[in-house]
Amino acid sequence: MESQSEMLEAVRARIRAQLEDAQAKATALAGEDLPDRGIGESDDGIVQATVDRQGLLVDAQFGPQIIELTPEELRENMMGALAAARRDLTGGATPRRPDPSLLTDTSTIDALDDIINGRL
């Protein structure tokens with residue numbers, strides 16, 4: 001019987017391999033001519049977004065002024081930062097649409113479900 005730390009390490013290794021595989025697929029789909037990331041800010045600088053090679057959001061940073069925004073203003077800031085990051089990624093060209101099949105990958109959540117339910 002494996003110890004809990006051995007099980008967690010196995011899960012980490014499995015998730016790491018899945019993430020590396022997903023990154024390799026994204027790189028192949030997006031093309032080698034694009035940078036790894038695009039970074040953009042909202043017009044007022046409150047929100048900074050980072051996208052991957054496919055233009056999908058991978059990180060967002062928010063300034064302290066965020067607490068003063070209405071939900072609509074937050075949405076506008078987030079969408080503006082996301083658009084700016086995509087422009088940064090592509091040099092102003094329209095980015096390729098992400099492959100929808102990548103959005104249905106449940107392997108990571110399946111692995112976590114296996115841990116929670118003792119199947120790993």
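Small disclaimer: the values here were computed from a predicted structure and weren't measured. The first residue of the sequence shown is numbered 1, and numbering continues consecutively from there.
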Report yes or no: do V58 and I15 belong to one cluster of Ile/Leu/Val/Met/Phe/Trp/Tyr joined by side chain heavy-atom distances under 4.5 Å?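 As far as the 4.5 Å side-chain criterion goes, I15 and V58 are not connected within one cluster.
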Side-chain heavy atoms of D52 within contact of R37, under 4.5 Å: yes
Hey, can you pull the donor-acceptor pairs under 3.5 Å for the side chains in residues 72-82, sequence neighbours left out?
residue : atom : partner : partner atom : Å
E72     : OE1  : T70     : OG1          : 3.4
E73     : OE1  : T70     : N            : 2.9
E73     : OE1  : T70     : OG1          : 3.4
N77     : OD1  : S42     : OG           : 3.0
N77     : ND2  : E73     : O            : 2.7

side-chain contact (heavy atoms from CB on, under 4.5 Å) involving D43 - partner list, sequence neighbours excluded: none
Interatomic spacing from CD in E9 to CZ in R16 - rounded to 0.5 Å: 6.0 Å
Taking 4.0 angstrom as the limit, do D36 and R53 come out as a salt bridge?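 Yes, charged N to carboxylate O under 4.0 Å.
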Qualifying residues under side chain to side chain donor-acceptor pair (under 3.5 Å), relative to Q65, sequence neighbours excluded: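 So Q65 forms no side chain to side chain donor-acceptor pair (under 3.5 Å) with any residue.
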